[in-house]
Amino acid sequence: MSPASELTTRANLAGSEPVFHIHGVTKVYRMGDVEVHALRGVDLDLYAGEFVVVLGPSGSGKSTLLNILGGLDVPTAGEVHYLDHQLTGAGDAALTRFRREHVGFVFQFYNLIPSLTALENVALVTEIADHPMDPEKALRMVDLGERLNHFPSQLSGGEQQRVAIARAVAKRPDILLCDEPTGALDYPTGKLVLDVLDRINRDLGTIAVVITHNAAIAGMADRVVRVGSGRIVEITRNERRLLPSELSW
Amino acid sequence: MTALHHKLFRDLGRMAGQMTAITAVLACGIATYVTMRCSYDSLLFARSEYYSAYRFADVFAHVKRAPEALARSIAEIPGVAAVQTRIVTDVTLDVPGLEEPATARLVSIPARRVLLLNDLFLRQGRYIEPDRRDEAVISEAFAGANLLKIGDSVDAVINGKWERLRIAGIGLSPEYLYEVKPGEIFPDNRRFGVLWISRETLEAAFDMKEAFNDVSLSLAQGASEPEVIERLDHLLEPYGGLGAYGRPDQISYRFIADELTELRAMGLILPTIFLAIVAFLLHVVMSRLVTTERSQIAVLKAFGYGRLEIAGHYLKFGLLAALPGSVLGIAGGLWLGSLFTGVYARYFHFPVLRLQPEPYLPLAAAAVGAGAACIGALSAARRAVALAPAEAMRPESPEKFRAGILEHSGLMTWLVPATRMIVRNLSRRPWKALATALGIALAVSILVVGRYTIDSVNYLVDLQFRVMQREDLTIAFQEPRPEHARYELAQLPGVLQVETFREVPARLRFGHRSRKSSILGTSREDTLRPLLDRNLSWVEVPAEGIVLNSRLGEILGARPGSQIQVEVLEGARPVRLVTVAGWVEQPIGLGAYMQANALHRMMREAGTISGAHLKVDSTQAARLYSLLKRTPSISAVAVKDVALASFWKSYGDTIWISTTMLVGFASIIAFGIVYNGLRIALSERGHELASLRVLGYTRAEIGRILLGEQGLLLVLAIPFGLALGYGLSLLTSHALARDLIRLPLVIGPVSYTYAAGIVVAAGVLSGLVVIRRLAHMDLTEVLKSRE
Ligand SMILES: Nc1ncnc2c1ncn2[C@@H]1O[C@H](COP(=O)(O)OP(=O)(O)O)[C@@H](O)[C@H]1O
Ligand SMILES: [Mg+2]
């Protein structure tokens, strides 16, 4: 059995109990007199170990959804459950603890702390985590074992994004939320980063949610969630999950 | 060390220039606090030790001549704990090596040493021997100034006879903590001193057998001072009592109390201003930092850093800037404090005056520094905490530009693009521009205040010693003399002009307020002591009525036209109602003036004089002085130039130390404000300026845009700062006004120029630093960052 199909099976087996359960989530931004409906009633379940790609055009509400999943933002209405915790209505302290214990973020612009080295950027997160990896090991996982003491300004975009991934996974999160992780990268570098994400999802069993507007990436997911105008338009399951090296765009 | 601490220290390192500036300003604030506080503590401690160990009295009174038996009645006044009767009198003294006559205050002490009120502290030598009537203990300051040693002798005219007094001891007394000639403000230790000699000697010389002319009391716990004073006055009145008074009117007490009050006020006001500036600077720098680190804060939050950790992180910037500043400030403050106490030891004669800060002072100072830093960093830290992480992840939308009045007016088209950018940028953020301008104005104003003290003292001295005292010499008679004594004076060698005066001690009352003062009788022809109003025009003393020093008027609450009660404390002691005819402005003293004739009429006396002001031919001065020394009827001679010189000698250093401190600190603050303003501007505009560079603008051109903008603010802020400085100086002059000396509000053009100059220099130097930064600006780096 290939590792990919093994994971797919695992995701299916876990199917009965979702890790994340969100229901009827809406998000309205108010800018003066104008109301922007970023999400208009979203239902979604996420299962242990699965790799989910969220596809949609710019402005369709992907980032908003991701932020709400990660406890960075709160919905205007609707419910968000993580296992048996209710995230809706939780206070800032509870959300902070939730993020600290369970979530790893990867952002489009890497968002490394420029005054910290690669190693320190990772340590920044492991220092406040309960069962973290060794930061050095996390960086080796993303093939940056030789660049531990480089500052972000001394790393290429792809390298910076890999540091960001190492930072996100080093705390052993339950879910890895990636907002257009390849958006700022060229083709080969982007593939390299996707490969890292794929490997982490397979090896550590971390749920991975990857946002992209690049449809080609959907091939590497267990499930693909398509959003448009603040709604989930369609959820599809891939029969076979491709390896990043098999993708092309 | 945690990763967050790595970030903290690296960020601090990156902002080293700005943080150093803030640290320096904070050090100034803490140093002033510590200096003033520890000087205050040391003086207060030394005073209370001295007063209790040497039994400084609570109530004092002079009387013409009272029988010793009265002492018993005085002791029976309820609330009186101890009574000390004495003979106290002023005589002229011939000091070896001193051309002019000196004035000695002779104070009687018992032949055998017993515990006294206002007791003697013996620094050197010994107490007088009972059988040696010619021995004296001499005040330390006088001995020091005249290089007199144990065993030396001085000649005094004691009641018409020359007496040679041998110095047996050198000592001090709390009564003469501040040792100044009666009626004067500044000490002149060469020409005024205290001599303690045996009571028998003085009794014999002044015909005071079984009598006294001075009494001091100490009060029992809970005694009512006003009641005791009233009863004492009542007892002394038949014997020519001059009015009893408590410590607040005792000259030494008054001076040290005023000094303590001033130290406490300045120890509060100055550090508050300085630390407010620290908070302001930190606020600006930290707000900017939080803005530039917006997305970093969002990341920290995304990964689960809590409110406390984030707030703590940004507060630590402030605290770390405060730490070295506090350490520096405490060390510097203690050092300055030791200079201050050293200076104080010159006019306040304590057995010991050591730097004696309260043990908690360093802690308090550190807490004050940390407090200022936290206040400064607080709003930035709160903004960091409040930042919505999801929000901070998205790039900031471009700033809004609107076409304003300037655009519509068509004025803009006349300006070259660089100037247009400057004007647009300033008008786009008027509040920011205003805050920067305010900071600069504040720097200017502090410099003005620092200089004000210098100008004011110079002006005061000039006004007092050149404009208001035109005589060369003032003579005071031991006893009032008939008017024809003026002709004797005129006969003396070298005397060019004589103007006599009549001076009587009096208590002035208006409503429930009263004040002891003396009334000076002047005549219309007098020119040597002009009475001037605030515009320096001559004030005429009318035939009826009294003219008051404006401060005295304020103290009494009287205004021109008010009827005040005058109770003369000499002769027949008449009590009269007199109309206040006007005010005179005098920076020193609390005088009251009447026409000599009116005063004589009130006193029911024919022309009597108390002393005279003389104009003297300087070539004859030496002969005149040696004659005056031998004139028994004269109790004091004041030579104006000598007084002036001694003023500068004794006060020059103090003024120099305190104003150098203030002006030095103000200059540092000015630099801190201007430099920080420019660095913030560079940080805010870096991206835009780099873009311009990419478009082909030269370094000089973008430098001109940035510096032009800040330069324009600087130029606009300076006049405002000068005006603000004037206002602050006005406040200071009120805060420092004392009953006996008021610093006039005078700020010379040099000071305004200096204040503006320092700030411009700070601007130019900071500009150079920023230009160097612009030169090293990495264009790709700037453009890569989203900010
Ligand atoms: N803080 C905000 N204030 C106002 N509108 C917002 C805010 N954040 C997102 N939006 C709007 O919500 C919609 C969805 O945005 P987003 O979730 O970022 O979309 P996507 O990530 O799919 O590009 C967009 O129209 C966007 O302009
Ligand atoms: Mg997005």
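Lettering of chains follows the sequences in order, A, B, ..., and the numbering in each one begins at 1. Owing to the predicted nature of the structure, the values given are computational and were not obtained by experimental measurement.
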- Query: What heavy-atom pair brings B/K301 and A/R99 nearest, and what distance separates the two atoms?
  - Reply: O-NE, 2.6 Å
- Proximal component of A/D179, with respect to chain B [non-hydrogen, under 4.5 Å]: neither
- Query: Applying the side chain to side chain contact (heavy atoms under 4.5 Å, CB included) test to B/L300, which of A/L124, A/V125, A/I128 qualifies?
  - Reply: A/L124
- Based on non-hydrogen pairs under 4.5 Å, which of A/R167, A/E101, A/K171 is most in contact with chain B? A/R167
- To the nearest 0.5 Å, how far apart are CG in A/L116 and NZ in B/K7? 7.5 Å
- Message: For A/F107 versus B/A302, what's the shortest heavy-atom pair and its separation?
- Response: CZ-CB, 3.9 Å
- Message: If I compare all heavy atoms of B/Q296 with all of A/P114, which pair ends up nearest, and what's the gap?
- Response: NE2-CD, 3.1 Å
- Message: What part of A/F151 gets within 4.5 angstrom of chain B, counting heavy atoms only: side chain, backbone, both, or neither?
- Response: side chain
- Note on the structure: Looking only at A/P173, A/A168, A/G71, most heavy-atom pairs under 4.5 Å shared with chain B are made by A/A168
- Is the closest side-chain heavy-atom distance between B/L4 and A/E127 below 4.5 Å? no
- Which residue out of A/I113, A/L66, A/V103 racks up the most heavy-atom pairs below 4.5 Å with chain B? A/I113
- Task: Output the distance between atom CG (A/L72) and atom CZ (B/F303), rounded to the nearest 0.5 Å.
- Result: 9.5 Å
- B/R10 atom CZ, neighbour heavy-atom count above 12 within 6.0 Å: yes
- Note on the structure: Expected contact set for residues 305-316 of chain B against chain A at heavy-atom separation under 4.5 Å reads B/Y305, B/G306, B/R307, B/E309
- Task: Write down the atom of B/G304, the atom of A/T96, and the distance for their closest heavy-atom approach.
- Result: O-CG2, 3.3 Å
- For atom NE2 of B/H283, decide whether the heavy atoms of other residues, nucleotides or ligands shown that lie under 6.0 angstrom number more than 12. no
- Task: Applying side-chain contact (heavy atoms from CB on, under 4.5 Å), name anything that partners B/A370, two or more places apart in sequence or on another chain.
- Result: B/L319
- Note on the structure: Whatever's closer than 4.5 Å to a heavy atom in chain B on A/R97 counts as neither
- Item | Shortest non-hydrogen contact between A/A123 and B/A3, atoms and distance | C-CB, 4.2 Å
